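What you see is a predicted model, and the numbers here were worked out from it, not measured in a lab. Just so we're on the same page: letters track the sequence lines, and every chain starts at 1.
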Amino acid sequence: MTKKVELRVYGMTCDDCVAHVSEGLKGTKGVLDVIVSLKDGKAEVLINDAVNPKELENIEVFKKPSHYKAQVRRVKDE
Amino acid sequence: MSEYDLAIIGIGAAAFSAAIKASELTSNQMKIAMIGYGALGGTCVNVGCVPSKYLIEASKSFRNAKKMVYDGMESSVTIDFNEFMESLNKFVETEREEKYTKVLKNFKNIDLYDGKAKFIDKNTVTVNGNKISAFNFIIATGSKTFIPDLKGLVNYYTSDNIWTIRKIPEKLAILGSGEVALELANAFSNFGSEVHIINRSNRLLKGFDDDITNELRNIMAKNGIKFHLGVDIKEIKNNKEKKIIFYNGTEQPIDVDEIIVAMGRQPNIEELCLEKAEVKYNHGILVDSHMKTSCENIYAAGDCVEQELKLETLAGKEGAVAAGNILGSDESINIKEIPWAAFCEPNVASVGYTEKELKLQNRDYIVRKIDLKNVVKANILKSNEGIVKIISDNEKRILGMQIIAPHAAEFIIEGVYLVKHRLTYDDIINTSHIFPTVAESVKIAGQSFIRDISKMSCCME
Ligand SMILES: Cc1cc2nc3c(=O)[nH]c(=O)nc-3n(C[C@H](O)[C@H](O)[C@H](O)COP(=O)(O)OP(=O)(O)OC[C@H]3O[C@@H](n4cnc5c(N)ncnc54)[C@H](O)[C@@H]3O)c2cc1C
């Protein structure tokens with residue numbers, strides 16, 4: 001079953017940041033698709049059962065020394 | 001309705017620390033609401049640590065100037081108490097402006113709301129009728145002075161308004177025997193008041209072993225403070241000039257010019273409607289070691305939390321830990337690594353476990369205690385009444401330290417590192433201390449684990 005996860009992402013200031021966060025999310029097991037918005041500081045992430053939505057907050061791109069931080073806001077079954 | 005990433009209820013130490021940490025961790029992108037009433041900065045800067053330390057340090061300076069302790073010296077000093085208290089209040093204003101008002105201006109991501117917050121559900125509070133919603137909450141509403149229900153107790157000061165006093169009372173009663181009571185007693189005694197400490201409990205301070213509190217009481221009594229402990233006040237009669245305190249039992253009534261109530265503090269939680277957010281509480285808000293409440297998205301920090309210590313440093317640490325954990329960290333607080341001090345003279349300070357606690361837990365321990373008369377610097381200062389007590393486990397690791405000594409609040413930090421990093425009394429002995437300092441008393445107490453210090457020269461390492 002796939003789920004759509006809305007993440008609040010902090011720390012992005014430019015398109016490079018968007019690319020960095022997108023890559024980090026896309027490289028995570030269970031992540032099928034990612035749309036990151038710089039303006040809203042948000043990411044929409046499509047996942048399957050291989051990943052728990054909460055685990056997305058602690059993937060490499062959101063861990064120290066990275067200055068990006070994320071928090072799950074909503075999870076919807078697709 | 002305004003929507004935020006984080007709403008912090010409170011504008012004191014815990015709240016500021018949480019707001020700054022959350023801002024730092026998110027490159028100032030977290031949208032934060034800070035809600036509170038009264039002066040910015042809360043208790044510590046306005047009516048707590050800052051004015052009380054200003055008062056006590058000034059009072060020590062006055063007393064020292066008045067009673068020169070070295071032979072061949074005499075002085076005459078006077079005090080304009082009104083002018084002094086004006087300067088104290090000016091100092092508080094400046095500190096508040098510099099450390100809180102100006103600091104907040106650096107954070108465009110923080111909106112300040114003036115008013116009381118009440119939960120209507122776990123994501124929403126109302127403030128002056130307006131709704132504020134947030135994904136995360138930190139409750140940092142602090143505590144307030146407990147006022148007992150005593151017949152005739154109508155005209156009194158507390159630590160909230162003692163800063164308005166403009167005349168040194170000739171005779172002063174302080175109800176309570178905790179740290180706030182002892183500090184104010186010491187300060188007014190230094191300024192020349194006859195101070196009476198009155199309390200129903202027989203003990204001074206909480207969280208210390210009895211040998212320490214007994215020693216402190218003896219020292220303060222020698223310095224002129226009068227103790228009425230284990231007494232039960234029946235009523236207070238007020239006439240134009242005096243307040244007369246009557247007891248149940250045999251203790252004689254006393255008449256005083258002023259009364260300060262300092263019988264402890266209670267968490268500020270009853271107006272928050274915590275049930276609406278399913279936040280559990282007892283006397284204070286119940287949290288886990290990560291500062292999370294019973295509600296997933298709500299954390300709490302500082303004096304409003306159910307915990308044994310009420311401190312600015314602890315409030316600040318808890319605020320920062322709560323903010324970090326909201327943003328994915330995994331930080332917790334070990335209360336046994338938090339130092340505590342009262343700034344009466346001599347200072348009393350502690351960290352870690354007391355003997356009493358270890359006995360209750362049936363744990364093995366070794367304890368050593370030295371008299372401050374073994375410390376050359378204390379003798380030089382002519383302030384050599386006090387104790388350093390260190391407790392270790394059977395593997396020599398330091399479990400706790402309690403000190404009565406001048407400047408103890410400055411050097412209890414050595415005990416904090418020892419307890420936090422599970423260091424041993426060998427580590428104390430093998431670390432050079434400055435001679436002569438009062439802090440060297442910790443080294444001598446460490447040495448007392450391995451040798452008889454009465455047979456030790458002061459250069460012995
Ligand atoms: C006389 C005195 C001396 C002290 N000396 C020391 C010392 O030397 N060292 C030390 O470490 N500690 C000391 N303390 C303790 C220290 O001041 C407190 O532990 C610390 O200030 C607590 O901070 P806080 O942020 O938890 O609460 P506070 O600073 O009390 O802030 C709480 C805030 O919450 C707000 N609030 C309350 N209810 C609501 C509501 N419903 N909605 C919105 N806002 C609300 C209040 O307006 C207030 O601003 C002293 C305390 C006193 C009284």
Assess whether atom NZ of B:Lys280 is packed by more than 12 heavy atoms of other residues, nucleotides or ligands within 6.0 Å.
no
Taking A:Glu57 for its side chain and B:Leu327 for its backbone only, find out whether a donor-acceptor pair lies under 3.5 Å.
no
Quick one: does A:Val9's side chain get under 4.5 Å of B:Gln29's, heavy atoms only?
no
Should we say atom NE2 of B:His421 is surrounded by more than 12 heavy atoms from elsewhere, each under 6.0 Å from it?
yes
Do you know which two heavy atoms are closest between A:Gly11 and B:Ser27, and how far apart they sit?
CA-OG, 3.7 Å
dist B:Asn28:CG -> A:Thr13:OG1 (nearest 0.5 Å) comes out at 12.0 Å
Can you list, pair by pair, the side-chain donor-acceptor contacts under 3.5 Å of residues 17-31 of chain A, counting residues two or more places apart and other chains?
{"residue": "A:Ser22", "atom": "OG", "partner": "A:Val18", "partner atom": "O", "Å": "2.7"}
{"residue": "A:Thr28", "atom": "OG1", "partner": "A:Gly24", "partner atom": "O", "Å": "3.0"}
{"residue": "A:Thr28", "atom": "OG1", "partner": "A:Leu25", "partner atom": "O", "Å": "3.2"}

What closest approach, in Å, do A:Arg8 and B:Met30 show between heavy atoms, and which atom pair accounts for it?
NH2-CA, 4.5 Å
Neighbour count above 12 (heavy atom, 6.0 Å) for A:Glu78 CD
yes
Could you check whether any side-chain heavy atom of B:Leu25 comes within less than 4.5 Å of a side-chain heavy atom of A:His67, counting everything from C-beta outward?
no
A quick test of your reading: do over 12 heavy atoms of other residues, nucleotides or ligands sit less than 6.0 Å from OH of B:Tyr4?
yes
Any B:Phe135 side-chain heavy atom under 4.5 Å of A:Arg73 side chain:
yes
Considering residues, nucleotides and ligands other than B:Lys31, do more than 12 of their heavy atoms fall under 6.0 Å from its NZ?
yes
Say whether B:Asp5 and A:Gln71, considering side chains only, have a donor N or O and an acceptor N or O under 3.5 Å apart.
no
